[in-house]
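We count ligands from 1, going down the list as the structure has it; atoms in each ligand are counted the same way. Along the sequence shown, residues are numbered consecutively beginning with 1.
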Amino acid sequence: MDEILGRAAELAAEYRASLNDRPVARTVDRAALRAAFGDLPEKPTPPAQVLEELARAAEPGLVATAGPRFFGFVVGGSLPAATAADILATGWDQNAFNAVLSPAAAAAEEAAGGWLKELLGLPATASAGFVTGGQAANTVGLAAARHHVLAEAGWDVERDGLHGAPRVRVVASEERHATIDRALRLLGFGTRAVEPVRAKVDGAIDVEHLRAVVEAEAGPTIVCLQAGNVNTGACDDVGKARAAAKHAWLHVDGAFGLWAAANPRTAHLLDGVELADSWACDGHKWLNVPYDSGFVFCSRPEVHAQTIAYRAAYLTGAGEVSGMGDLTLESSRRARGFAVWAALRELGRDGVAELVDRCCRLARRFARTLEAGGAEIANDVMLNQVLVSFGDDTDAVVDRVQRDGTCWLGGTTWRGRRFLRISVSGWTTTEADVDRSAAAILEAAAQ
Ligand SMILES: *Cc1c(COP(=O)(O)O)cnc(C)c1O
């Protein structure tokens with residue numbers, strides 16, 4: 001163990017050191033890559049040899065998402081302390097199911113969960129479940145919503161299911177993330193249950209239309225809001241949405257946008273966020289912790305536990321939260337709280353604010369530089385997302401940029417048009433990286 005763990009850390013460190021110089025992504029021959037992983041061996045292989053084989057086989061297919069010039073999707077690269085803590089979590093091999101299996105994992109989640117609520121401006125009394133990501137957080141949050149609105153209507157959905165239940169209205173912005181629809185599918189509502197609400201030009205929900213849709217009919221209602229539109233960064237006005245939908249359960253999908261609350265310069269975008277009932281947020285996006293890491297918070301911890309805990313806990317504990325296993329879909333679980341704790345400890349309150357602020361500043365720098373070079377910027381860059389158009393050439397430019405390897409970004413469709421989308425979410429990105437990447441993009445457009 002001694003040698004192999006040291007060697008694994010060494011290989012990881014060498015890789016990280018190479019990130020600034022390697023092409024962000026390479027064109028790979030997928031079949032060759034698969035072939036390098038070989039066939040099932042009949043006989044055992046020495047562990048040290050397995051490690052070397054893996055490093056060699058994987059190398060051509062690694063994408064420098066952790067590097068300073070990856071601007072695709074909304075991903076960052078894990079912070080040093082968080083990365084090391086995650087390696088330690090693997091070495092310790094703790095099962096974070098509950099405090100009996102790992103008192104240390106439970107304590108780390110308790111500490112980090114409290115810190116997260118402080119930073120994100122959520123009620124100190126809210127529950128915090130450490131899930132695998134935004135998808136899981138949305139699913140758990142909406143399950144708690146389902147439980148609560150049906151319980152208020154006198155229906156026990158955990159016992160009796162949805163057959164014969166009062167109809168639940170699901171009201172959501174037309175700009176919701178695809179994970180909301182998947183959660184609704186899994187929860188038995190079906191996607192057709194969604195009553196869509198218009199979004200304004202910036203992508204944030206039109207609160208007046210929300211009010212009209214909500215008031216059109218009485219009955220158990222769940223409203224899905226968003227903090228951080230993946231294309232524009234726009235945040236729904238949660239305070240106004242609360243006033244427009246007083247009796248509904250408000251769920252906020254804030255996978256990356258909730259972090260705006262941790263930066264004094266962007267916190268106004270999330271005024272009233274504490275008035276919602278459940279919140280989803282990612283660790284592995286803007287907080288820069290290793291995958292997979294997300295958080296679900298619920299203003300009513302007992303509802304969270306009644307929805308998720310094993311039936312026995314539900315019956316005996318009257319919904320009291322008895323442990324972190326009552327708050328996540330997984331039973332046996334990676335102790336991902338260690339890495340979250342380490343990231344927050346490394347950055348501190350100021351460091352988190354600075355990270356968020358820096359990414360926003362760099363996104364604006366990107367927009368200015370590209371606009372000066374002739375590109376059209378389609379959004380007001382209020383957070384870390386930038387929508388760029390080169391007219392009919394947009395997709396060709398995306399393709400050329402990806403093949404060039406200086407940086408990486410993807411294409412997206414927004415309001416019926418194609419755009420190149422930039423997300424600045426990583427802790428290692430500098431002004432020089434933005435300038436170099438903008439030059440590569442303009443160069444690709446000039447070709
Ligand atoms: C990324 C994202 C999700 C999904 O999060 P995962 O961690 O990938 O599951 C949900 N909603 C929004 C707004 C996102 O940006």
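Protein heavy atom closest to atom 11 (N) of ligand 1, with residue, atom name and distance, is D253 OD2, 2.7 Å. Atom 9 (O) of ligand 1 has Q135 N, 2.8 Å as its closest protein atom, hydrogens excluded (heavy atom only). Atom 6 (P) of ligand 1 has its closest protein heavy atom at G134 N, 3.3 Å. Distance from atom 1 (C) of ligand 1 to its nearest protein heavy atom, with residue and atom name: K285 NZ, 1.3 Å.
The backbone N or O of A96 sits less than 3.5 Å from a side-chain atom of R333, completing a donor-acceptor pair. The backbone N or O of H284 lies less than 3.5 Å from no partner atom in the side chain of D282, so there is not a single donor-acceptor pair. Judged by distance alone, with hydrogens and angles left aside, the side-chain atoms of R421 form no donor-acceptor pair with the main-chain N or O of Q385 at under 3.5 Å. Side-chain atoms of Q226 come within 3.5 Å of backbone N or O of E175 as a donor-acceptor pair. Checking side-chain atoms of D236 against main-chain N and O of I205 turns up a donor-acceptor pair under 3.5 Å.
Residue A136 has no N or O atom closer than 3.5 Å to an N or O atom of ligand 1.
When non-hydrogen atoms are compared, ligand 1 lies under 4.0 Å from the side chain of H177 (C-beta onward) but not from its backbone. When non-hydrogen atoms are compared, ligand 1 lies under 4.0 Å from the side chain of F256 (C-beta onward) but not from its backbone.
Taking all heavy atoms of Q226, R182, H284, E175 into account, the minimum distance to atom 7 (O) of ligand 1 is reached by H284.
Distances below 4.0 Å separate heavy atoms of G133 from the following atoms of ligand 1: 7 (O), 9 (O). Near T179, meaning under 4.0 Å from one of its heavy atoms, ligand 1 places the atoms 4 (C), 10 (C), 11 (N). The contact set between ligand 1 and V230, taken as ligand atoms under 4.0 Å from a residue heavy atom, comprises 15 (O).
L409 places none of its side-chain heavy atoms less than 4.5 Å from the side chain of V388. Side-chain contact between C359 and W286 is present, with heavy atoms from C-beta onward closer than 4.5 Å.
We find that R334 and D86 are joined by a salt bridge, their nearest charged nitrogen and carboxylate oxygen being less than 4.0 Å apart.
Ligand 1 is approached by G228 to a heavy-atom distance shorter than 4.0 Å.
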